Structures are given as structure tokens and as C-alpha cells.
> 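Please read through the structure below; I'll follow up with questions.
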There are 2 protein chains.
Amino acid sequence: MPTRARPSVASRKQPKQARSTQLVADILTAAAQVLARDGAHRFTTTRVAEKAGVSVGSLYQYFPNKEAVLFRLQHDEWTATAALLDRILSDAALAPCDRLRKAVREFFRTEWEEARMRRALGDAAPYYRDTPEATRHRQAGRRALQAFMRQAVPSLGGARRAVAADLIGMTLGAVGKSVSETAASPAQVDRYARAAADMLCAYLQRLSA
Amino acid sequence: MPTRARPSVASRKQPKQARSTQLVADILTAAAQVLARDGAHRFTTTRVAEKAGVSVGSLYQYFPNKEAVLFRLQHDEWTATAALLDRILSDAALAPCDRLRKAVREFFRTEWEEARMRRALGDAAPYYRDTPEATRHRQAGRRALQAFMRQAVPSLGGARRAVAADLIGMTLGAVGKSVSETAASPAQVDRYARAAADMLCAYLQRLSA
DNA sequence: GAAAAATACGAACAATCATTCGCCTTTTCC
DNA sequence: GGAAAAGGCGAATGATTGTTCGTATTTTTC
């Protein structure tokens with residue numbers, strides 16, 4: 001696995017014509033399929049290009065390196081997940097605890113549905129984990145959860161609230177990952193989601209008391 | 001990264017003389033150092049052998065492949081962690097909740113102290129994750145936690161108790177990992193440990209109610 | 001002390017992969 | 001319609017790595 005200079009994971013150049021836009025889309029679709037089918041271990045640019053019906057050279061015209069493809073996939077996942085959680089957690093029509101319930105359930109479900117690709121993306125994390133873009137995503141997630149916590153436990157001091165928000169975020173992400181790798185059926189996913197929600201709600205109530 | 005036939009991760013042959021026993025020990029020490037220093041990405045048998053002051057050929061006399069070295073490292077970690085948690089969680093002198101507190105604190109601390117190697121071992125998980133030995137370890141962990149839960153919430157039905165035990169296990173492991181990768185100081189580790197213990201205890205009490 | 005068993009060695013082999021670059025084709029723009 | 005820009009191609013390159021195997025050394029056995 002040769003490692004050369006790392007031009008970050010930013011895009012190399014923007015597609016300007018319709019066919020190149022399609023080409024990038026094809027590459028991303030193929031990348032997701034290769035990741036799910038062959039695993040992070042066998043995720044190679046050649047294989048992705050082949051699956052997409054495209055040449056390797058073309059791939060490198062829009063992605064500076066392999067990491068960039070993986071990061072783009074993860075980026076899209078993060079964006080979708082962030083939108084989902086943001087929508088649920090800021091829904092003032094529901095009590096904080098109910099929002100959490102709903103968030104856990106929806107999140108666990110989507111994680112489980114794409115379990116194979118998520119797992120492979122997790123395995124590939126070392127490739128993109130430490131990029132500035134990844135850090136920015138994590139920060140955005142933290143802020144969203146802290147905003148939620150301000151509504152859920154307004155009486156709690158800022159420092160302790162921040163720790164609690166981090167803990168909930170970690171639990172959501174980490175347990176979600178565990179569940180999606182462990183659970184065998186949607187029913188089982190829901191059982192774990194219910195249990196996790198019970199736990200988080202119990203924690204929330206203890207914090208407000 | 002060539003992948004050939006996989007002779008599992010079992011030992012290839014047992015050292016019979018003193019010098020070979022020492023050689024295996026040197027290899028494992030070197031492996032831990034290489035993992036911590038260079039990361040899973042650059043963990044190669046050649047590098048390990050070099051660091052150990054030993055030839056690659058010798059390494060392959062006692063380990064069937066690279067995975068086996070990694071698995072052995074993880075195996076030793078698991079064994080130590082299991083002993084630690086078992087000891088704490090079965091200490092009848094403490095209330096269940098206090099055992100959990102102590103377990104979380106101790107576990108988070110040891111995770112954090114070896115953060116670099118743990119993270120790299122986590123990155124290397126795809127190499128050994130699906131071996132029967134790994135499954136056996138996970139099963140043992142589950143059983144220990146279920147035994148604890150029988151004492152902590154005896155009134156709860158078996159099925160729900162099993163789900164709760166799994167959830168606590170996932171939370172402990174997954175959040176511990178997150179914390180060890182995130183926390184910057186022992187004080188911060190303890191803050192997270194306290195918060196996680198609060199959460200788990202609140203859950204335990206809700207379950208008994 | 002000599003044959004046998006165990007150990008140790010490390011150059012060589014066989015894959016695999018990320019990435020480039022010279023060349024050709026298609027689209028855009030005037 | 002033709003020049004220029006954008007897109008597309010894929011064999012070749014340069015590295016790295018996991019693992020083997022023939023040979024040399026050390027220890028054990030009798």
C-alpha cells in the first residue's frame with residue numbers, strides 16, 4: 001500500500017459537462033457497492049472504476065486519491081444522518097425524552113439497513129478520520145446535541161451539560177454501530193433501540209432532578 | 001496486501017527451548033510497540049521482526065500469519081480486561097450500582113492509558129474480528145454481564161434482562177473506546193466515566209422499578 | 001562427541017495496489 | 001466547421017508487503 005503525498009481529500013476538479021457529472025455519480029454508486037460487497041480490505045480504485053464501467057484514469061480526474069472516494073461516501077452518510085437527527089431533536093412538539101426515543105429508533109434503523117457498507121466505512125475510518133473535514137462534521141454534531149440538551153435540561157450547568165451531551169452522542173454513535181453489526185432482524189434492532197432509549201431517558205430525568 | 005489461505009489465527013508451533021520462548025516474547029513486545037508507534041496501517045511482519053531484532057522467518061515459525069500476531073495481542077488485552085471486570089462486577093460487598101461505577105472508572109482508565117495501541121488494534125479488527133476465538137471471547141463477556149444483571153435486577157424477566165445486559169456491554173465497550181480516543185487528560189477521562197456511570201445506574205434503577 | 005532435533009536466518013518470490021501520463025474522443029464556443 | 005477545452009482511456013510504473021524455503025547455527029539427546 002504505497003503512501004505518497006496527501007493532497008487532502010478535497011475534490012480535484014469539478015465536473016463541468018453532463019457526462020462527467022454522471023461519471024462521478026456512477027463512481028460513487030459503484031464505490032458503495034464495492035465497499036458493501038468486498039469490504040474495506042478489498043476496496044481498490046481499480047475495482048471501483050471497473051464496477052462503474054469507467055477507467056481508473058477518469059476516477060483520478062475527479063478524486064485526488066482513494067481516501068477521497070471513501071471520505072465522500074462517509075461525508076454523504078454524515079450529512080444525511082445529521083439532517084435526520086437535527087430534524088427529530090429540534091421538534092418542539094415532542095417532549096425531549098420522546099425526541100430521543102424517536103431519534104434512537106430512526107438512527108438505529110438506518111444504520112442497520114446499510115450495515116454492510118457502514119461497517120466497511122468504519123473499517124476504512126483510518127483513511128479519513130483525521131482530516132479537517134471529519135473534525136468539522138464531529139463539531140457540528142456536538143453543537144446540535146448541545147442545543148438539544150439546553151432544551152432538555154436547562155437547569156444543568158454548562159460544563160456538566162456539555163459532558164452529558166458528549167456522552168449521549170458517543171452512546172448513540174457507538175451503540176448504534178454495535179447494534180448494526182450484531183442485530184439479526186429489524187425486530188431485534190427495535191428491541192435494542194427501545195432499551196437504549198430507556199437508558200438515555202432515565203439519564204435525562206436523573207439530570208433534571 | 002495479498003490474501004492467501006487462512007490457517008486461522010492459532011499458533012503454528014509451540015516454543016520448546018528457552019531461546020524460542022524469549023523470541024516469541026520479544027516479538028509480542030515489538031508488535032505492541034510497532035502498533036502504538038506506526039499504527040495498524042504500517043503494522044507489517046517485517047517491521048515487527050526488525051524491531052524485535054529477529055528475522056521474519058523466525059516470526060513465521062511461531063505465528064501462521066500477520067493476523068495471528070494481532071489476534072494474540074488482542075487476546076491478551078481481552079483476557080486482562082475480562083479479569084478486571086469480572087473481579088469488580090462480582091464483588092458482593094458492593095451494591096450493584098457501585099460495582100458498575102467502579103467498573104466503568106477502571107475500564108476507562110486502562111483503555112485511556114493504552115489509547116494508542118488500543119486504537120490501532122481497533123483499526124486492525126477486520127483482521128481477526130470474525131475468528132471463532134474472537135466470538136468465544138465475546139460470548140464469555142456476555143455471560144459475565146448477564147450473571148451480574150441477575151444479581152442487579154433479579155425481578156426482571158430473562159429476555160429483557162438479556163437485552164439490557166447486552167446494551168450495557170455495548171455501551172461500556174463502545175463508549176470506552178470513544179472516550180479513550182477523545183479524552184485529553186486523566187481528569188477528563190474521569191469526568192466521562194462519572195457521567196457514564198450515572199447513566200448506567202439510572203438505567204439500572206429504572207429497570208428495577 | 002556425533003547424530004538428530006530445534007531454531008534462526010534473510011534473500012527471493014508472487015501478489016497487489018495507488019497513481020501517472022501520453023494519446024485519443026467528445027463537447028463547447030465562436 | 002474548426003479550434004480549443006473538457007473528458008476519457010488503460011497499459012505501464014514504482015512501491016510495498018505477506019510468506020516461503022534452502023541453508024546455517026545452536027541445543028538436545030544418547
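Labels below follow one simple rule: chain letters A, B, ... track the order of the sequence lines, proteins then strands, and each chain is numbered from 1. All values derive from a computational prediction rather than experimental measurement. Atoms considered below: every heavy atom in the structure, side chains included; atoms not considered: hydrogens, waters and symmetry mates.
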> With a 3.5 Å cut-off and no angle check, do the side chains of Tyr192(B) and Asp166(A) form a donor-acceptor pair?
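Yes, Asp166(A) and Tyr192(B) have a side-chain donor paired with an acceptor closer than 3.5 Å.
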> Applying the side-chain contact (heavy atoms from CB on, under 4.5 Å) criterion to Arg105(B), which one of Asp190(B), Leu100(B), Val189(B) satisfies it?
Asp190(B)
> Arg47(A) side chain N/O closer than 4.0 Å to the phosphate oxygens (OP1, OP2) of dC17(C)?
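Yes.
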> For Leu59(A) and dC21(C), what is the distance between atoms CG and C1' respectively, to the nearest whole Å?
16 Å
> Look at the side-chain N and O atoms of Thr45(B) and state whether any lies under 4.0 Å from the OP1 or OP2 oxygen of dG18(D).
yes
> For dC17(C), does either OP1 or OP2 sit under 4.0 Å from a side-chain N or O belonging to Thr44(A)?
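No, because none of the side-chain N or O atoms of Thr44(A) sits under 4.0 Å from OP1 or OP2 of dC17(C).
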> It should be established whether Ser58(B) places a side-chain nitrogen or oxygen under 4.0 Å from OP1 or OP2 of nucleotide dT7(C).
no
> Using whole Å, report how far CG of Asn65(B) lies from C1' of dT20(D).
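So the CG-C1' distance, Asn65(B) to dT20(D), works out to 13 Å.
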> Checking contacts here: which listed nucleotide (dG8(D), dC9(C), dG18(D)) is nearest the side-chain heavy atoms of Val54(B)?
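Nearest to the side-chain atoms of Val54(B), counting from C-beta on, is dC9(C).
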> Is it the case that more than 12 heavy atoms not belonging to Arg160(A) sit under 6.0 Å from its CZ atom?
no
> In whole angstroms, how far is the P atom of dG18(D) from the NE2 atom of His41(B)?
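Roughly 11 Å, once rounded to whole Å.
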> Is there a residue in residues 21-32 of chain A whose heavy atoms reach under 4.0 Å of DNA chain D, and which residues are they?
Leu23(A)
> Under a 3.5 Å distance rule, please check whether Thr182(B) uses its side chain to pair with a backbone N or O of Val179(B) as donor and acceptor.
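Pair absent, no side-chain N/O of Thr182(B) close to backbone of Val179(B).
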> Applying ring pair (Phe, Tyr, Trp, His ring centres under 6.0 Å), run through Tyr128(B) and His75(B) and close with a yes or a no.
CA-CA 10 Å; Tyr128(B) 57 74; His75(B) 173 273; over 10 Å; no
> Would you say a side-chain N or O of Tyr60(A) is under 4.0 Å from OP1 or OP2 of dC21(C)?
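Negative; the distance criterion is not met.
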> Roughly, in whole Å, what's the span from CZ in Arg19(B) to P in dA5(C)?
15 Å
> Can you tell me the distance, in whole Å, between the NZ atom of Lys66(A) and the P atom of dT19(C)?
8 Å
> Nearest-Å distance, CD (Gln61(B)) to C1' (dA24(D))?
13 Å
> To the nearest 0.5 Å, tell me how far Leu28(A) CG sits from Arg72(A) CZ.
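Between Leu28(A) CG and Arg72(A) CZ, I get 5.0 Å after rounding to 0.5 Å.
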> Is the phosphate of dG7(D) approached by Lys13(A) (side-chain N or O, under 4.0 Å from OP1 or OP2)?
yes
> Pick the closest DNA chain C nucleotide for Val56(B) and for Lys16(B) by heavy atoms, then say which residue is nearer the 5' end.
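It is Lys16(B), whose closest nucleotide lies nearer the 5' terminus.
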> In whole Å, what is the span from the CZ atom of Phe63(B) to the P atom of dT7(C)?
14 Å
> Quick one: on DNA chain D, does Phe43(B) or Ala18(B) contact a more 5' nucleotide (nearest heavy atom)?
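The residue whose closest nucleotide sits nearer the 5' end is Phe43(B).
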> Whole-Å distance between dT28(C) P and Gln17(A) CD?
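Spelled out: CD on Gln17(A) to P on dT28(C) is 5 Å.
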> In Å, rounded to the nearest 0.5 Å, how long is the span from CZ of Arg119(B) to CG of Leu35(B)?
12.0 Å
